[in-house]
Amino acid sequence: MILPLHEEVRARVRDALARLHGITDAELTIPIEYPPNRALGDLGTPVAFDLARRLRKAPRAIAQELAGAIGPIAGVSRVDAAPNGYLNVFLDRPTFLLARLGLAGSLPPAPARPEKTIVEHTAINPNKAAHIGHLRNSALGDTLVRVLKFRGNPVEVQNYIDDTGVQVADVVVGFQQLEKLSIDDAKRIAASTRFDYYCWDLYARVTEWYDGDKERLKIRAATLHDIEHGVDPTATLASFIAHTVVHAHLKTMARLNIDYQLLTWEGDILRLKFWARAFEVLKETGAVFLQSEGKHAGCWVMKIDDPDAAPAEDGEEDPEAREKVIVRSNGTVVYVGKDMAYQFWKSGLLGRDFLYRKFATRMDGDTLWATTSDQSQAVAEHPKFGDAAATYNVIDVRQSYLQKLLKQALSAIGHPQEADRLKHFSYEMVALSHATAQQLGFAPDPNSEEAKKPFVEVSGRKGLGVKADDLIDRVIDKALAEVDRRQSDLPPDERRRIAEQIGAAAVRYFLIKYSRTTVIAFDIDEAVSFVGETGPYIQYAVVRANKIIGKLQERFGLDETATLAGLPGSPPDLINEDAELWALVLEASRLDEIVEQVVRSLEFAVLAKFGFGLAQMFSAFYQNPKQSVINEDRAEARRWRAAAVVYCRQQLTRVLDLMGVAVPARM
RNA sequence: GCGCUCGUAGCUCAGUUGGAUAGAGCAUCUGGCUUCGAACCAGAGGGCCGCAGGUUCGAGUCCUGCCGAGCGCACCA
């Protein structure tokens with residue numbers, strides 16, 4: 001918790017500026033930064049540079065005036081003007097640490113954020129096993145959920161299931177046409193094999209089959225039609241495939257501590273006629289209109305307004321390029337129409353609701369709900385879903401255009417605020433490194449275009465990709481080998497559990513540490529590594545911290561509370577003089593600031609780097625014999641160091657929790 | 001053609017409201033386990049921040065142009 005101090009320093013600088021120079025403009029921002037080293041200060045601001053021209057004074061002189069006029073600030077020991085013009089602040093170290101441990105004073109409460117936020121993520125086509133690209137989506141989405149909750153936002157997590165799309169239809173075609181299998185055969189396969197893996201292979205074969213004769217695509221169209229209209233046996237088989245694969249996906253995600261509150265099924269959106277209602281709204285508000293001329297004649301279209309687009313230079317611009325067809329001339333709705341209906345519902349603007357049924361049990365024991373359109377399945381008592389003040393849609397960058405259309409649709413029906421509060425959480429895709437593609441047996445022809453690209457694109461249609469569970473298995477196996485080597489006294493099931501925790505940390509950290517705009521060229525060897533900047537590195541730091549606290553009890557018979565209880569009032573020399581210890585405490589306190597930055601930028605790489613950097617500082621501290629806690633003879637020094645360890649461990653544990661990662665009992 | 005992203009160490013990447021000396025991991029090299037357990041730590045080498053202009057007290061970060069790469073822009077989903 002450092003943000004309240006930032007605010008206090010800002011307020012006092014503002015106050016001093018008003019008194020000294022009559023500067024009261026609210027637009028003046030006072031940036032708070034961290035000087036390059038603690039000898040210069042704990043916090044600092046370059047505000048004097050901004051004012052130099054305005055006040056016709058050297059930055060240094062302004063900073064000096066401010067330092068003299070700012071007066072005492074609670075929690076601050078001194079304010080200095082640096083020779084180059086920075087205004088630097090030194091904190092009262094003992095008070096700072098004691099307050100953060102809840103041993104002195106009280107920290108201001110977090111701001112209330114009562115408005116409900118929906119986060120939709122994962123949305124994997126339920127026709128095959130999840131792959132690493134899907135994992136990036138889910139890891140980002142779940143981290144977003146955790147970060148929002150951390151700062152007090154009520155969050156509803158949804159996973160959209162496209163059970164009536166082409167991809168499910170393709171696997172149905174595989175069962176019916178290629179394998180000549182019935183629903184009972186499918187059930188038999190599901191009972192005896194990895195069904196999602198089976199579908200993975202079958203899906204790739206269906207793609208090849210289509211390539212063999214384009215006429216076969218007509219079978220796909222007919223299958224899709226049967227699914228949409230509930231024609232059996234096709235519809236029942238499709239439903240079975242989708243449900244079975246969804247359960248497999250849930251299982252996969254649970255291995256990474258990812259789950260959901262509600263599964264929204266596209267089939268229910270169709271059957272409950274959400275689109276018909278959305279279409280009414282769009283027509284009533286004039287958001288869409290029936291085009292009577294040009295190439296879109298007979299279609300219902302929406303104007304695309306693009307304020308960023310350059311104006312047509314010589315009036316030769318194609319007017320149709322500024323229109324998006326929403327309803328085709330044959331009366332059927334385009335894909336994005338269903339998305340609009342779903343989004344209107346999320347934003348509480350549809351005037352219609354799903355029915356709900358219980359689907360499964362969540363990891364914390366709560367109910368995982370699913371939508372339904374079947375009265376006989378519907379449960380009367382259910383939580384209120386949808387109708388959120390803000391929405392985050394976690395979808396890769398290729399969907400940017402469609403997400404933009406969704407925002408425009410909200411605007412066009414007269415709800416610009418809702419449009420503004422719909423955020424497309426976009427991120428780049430996961431591809432494969434050439435080395436990994438080769439290991440999988442997908443080496444492109446060295447003379448082909450593909451070979452010249454910086455990475456190899458994943459393709460579900462070709463069956464080219466790394467399955468999520470295969471990756472997780474490999475990482476866990478490797479972790480288990482390490483655990484077996486180091487913790488041979490532990491029973492096998494406990495070792496297994498630890499390996500699973502370490503594996504989840506490795507995978508999740510790997511998926512979070514890149515910025516959203518970076519294409520991850522997935523390399524298997526890099527992903528399974530536990531050395532350096534990885535999740536297990538952070539876990540290891542926390543395990544070491546726990547070790548110190550355990551030893552303290554063993555050696556001195558003091559538990560954590562007793563150790564800390566002796567701190568208030570004890571001589572603060574150590575923390576005042578030990579730069580390394582203080583740097584650790586100050587850095588640890590920045591979590592709230594980091595979380596705000598993460599929500600503002602939607603960059604979880606920031607969180608990952610913070611966790612790693614703090615763990616790194618702690619590891620150095622731990623490894624330094626001069627900083628030993630239990631070998632320290634002076635009781636006060638021991639207590640201050642223990643306090644720093646406790647605080648650091650607390651903050652690192654929170655960071656891991658935000659990443660959906662647990663702390664192993666031992667490593 | 002238009003739009004959006006990206007180009008930083010040998011490799012993979014940070015540098016997200018323009019700030020003090022451009023960082024991390026991996027790889028390479030040198031040290032360190034009878035120590036709070038080395039999944040670690042200490043240290044070394046390694047940079048025209050794609051190129052050229054501009055704005056600013058200050059630019060890896062903002063603007064313009066160029067070069068190079070990726071992804072979008074359907075009466076597909």
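All values below were derived from every heavy atom in this structure, side-chain atoms included, with hydrogens, water molecules and symmetry-related copies excluded. Below, read A as the first sequence line, B as the second, and so on, with proteins coming before strands; counting in each chain starts at 1.
The aromatic ring of Tyr335(A) is not stacked on the base of C76(B), since the criterion of ring centres less than 5.5 Å apart with planes inclined by under 30° is not met.
To the nearest whole angstrom, the two P atoms, one in U17(B) and one in C6(B), are 15 Å apart. Spacing of P atoms, G70(B) relative to U12(B), comes out at 15 Å, to the nearest Å. G15(B) and A24(B) have their P atoms separated by 15 Å, given to the nearest Å. As rounded to the nearest Å, A27(B) and C36(B) have C1' atoms that lie 31 Å from one another. On the C1' atoms, G31(B) is 24 Å away from G10(B), given to the nearest whole Å. If you take atom C1' in G50(B) and the same atom in U5(B), they sit 16 Å apart, rounded to whole Å. Nucleotides G47(B) and A9(B) have their C1' atoms positioned 6 Å apart, rounded to a whole Å. Comparing the C1' positions of G54(B) and A14(B) gives an interatomic distance of 28 Å, to the nearest angstrom.
Rounded to a whole Å, the CE atom of Met429(A) is 8 Å from the C1' atom of G70(B). Rounded to an integer number of Å, the gap from Ile630(A) CD1 to U35(B) P is 11 Å.
The phosphate of G25(B) has OP1 or OP2 within less than 4.0 Å of a side-chain N or O from Gln616(A). Contact annotation: Thr518(A) reaches the phosphate of A14(B) (side-chain N/O to OP1 or OP2, under 4.0 Å). Here Lys453(A) reaches the OP1 or OP2 of C71(B): one of its side-chain N or O atoms lies under 4.0 Å away. Note on Arg486(A): every side-chain N or O is 4.0 Å or more away from OP1 and OP2 of G37(B). For A14(B), the OP1/OP2 oxygens have a side-chain nitrogen or oxygen of Ser515(A) closer than 4.0 Å. Using a 4.0 Å cut-off, some side-chain N or O of Tyr540(A) falls inside it from OP1 or OP2 of A39(B). For the OP1/OP2 pair of C36(B) and a distance below 4.0 Å, the side-chain nitrogens and oxygens of Asn631(A) include at least one atom meeting the criterion. Contact annotation: Arg544(A) reaches the phosphate of A38(B) (side-chain N/O to OP1 or OP2, under 4.0 Å). Residue Arg516(A) places no side-chain N or O under 4.0 Å from the OP1 or OP2 atom of C13(B). Between Arg666(A) and G37(B), a side-chain N or O to OP1/OP2 separation shorter than 4.0 Å is absent. Taking side-chain N and O atoms only, Tyr537(A) has a distance below 4.0 Å to OP1 or OP2 of C41(B).
For Arg516(A) and Phe425(A), the positive end sits near the middle of the six-membered ring, less than 6.0 Å away and at most 45° from its axis. Geometrically, Arg590(A) engages Tyr34(A) in a cation-pi contact, judged by NZ or CZ lying under 6.0 Å from the ring centre and within 45° of the ring axis.
Backbone-only engagement by Ala620(A) is indicated by non-hydrogen atom pairs under 4.0 Å involving sugar-phosphate atoms exclusively. Here Glu428(A) lies out of heavy-atom contact (under 4.0 Å) with every strand. Among the heavy atoms of the strands lying under 4.0 Å from Val483(A) is at least one base atom, whether or not backbone atoms are also near. In this structure, Glu533(A) reaches the sugar-phosphate backbone alone: every heavy-atom distance under 4.0 Å involves primed, P, OP1 or OP2 atoms, never a base. Among the heavy atoms of the strands, none lies under 4.0 Å from Asp525(A). Base engagement by Ile502(A) is indicated by at least one non-hydrogen atom pair under 4.0 Å involving a base atom. Looking at heavy-atom distances under 4.0 Å, Ile32(A) makes no contact with the nucleic acid at all. Nucleic acid contact class of Ala297(A) (heavy atoms, under 4.0 Å, all strands): base. Among the heavy atoms of the strands lying under 4.0 Å from Val629(A) is at least one base atom, whether or not backbone atoms are also near. Looking at heavy-atom distances under 4.0 Å, Ser400(A) makes no contact with the nucleic acid at all.
Shown here for Gln501(A) and Ala665(A), the closest heavy-atom pair between the two residues is OE1-N, 4.4 Å.
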Review point. Can Ile395(A) and Tyr160(A) be said to form a side chain to side chain contact (heavy atoms under 4.5 Å, CB included), step by step?
Key: CA-CA 11 Å; Ile395(A) 321 181; Tyr160(A) 183 74; over 6 Å; no

Practice item. List the steps, then state whether salt bridge (charged side-chain N to carboxylate O under 4.0 Å, His left out) holds for Arg497(A) with Glu500(A). Key: CA-CA 5 Å; Arg497(A) 222 170 67 83; Glu500(A) 285 168 357; over 6 Å; no

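Residues Phe510(A) and Phe522(A) bring their aromatic ring centres within 6.0 Å.
Heavy-atom distances to RNA chain B give each of Ile520(A) and Ser529(A) a nearest nucleotide, and the one nearer the 5′ end belongs to Ile520(A). Residue Pro36(A) is the one, among Pro36(A) and Gly298(A), whose nearest nucleotide of RNA chain B lies closer to the 5' end (criterion: closest heavy atom).
With C75(B), G72(B), A20(B) as the choices, the nucleotide that has an atom nearest any side-chain atom of Val334(A) turns out to be C75(B). For Arg328(A), the listed nucleotide lying nearest its side chain is C75(B); candidates were C75(B), U16(B), G72(B).
Atom CD of Glu580(A) has more than 12 heavy atoms from other residues, nucleotides or ligands within 6.0 Å.
No donor-acceptor contact under 3.5 Å links the side chain of Asp339(A) to the base of A77(B).
Here Arg136(A) does not pair with Glu428(A) in a salt bridge; the nearest charged N to carboxylate O distance is not below 4.0 Å.
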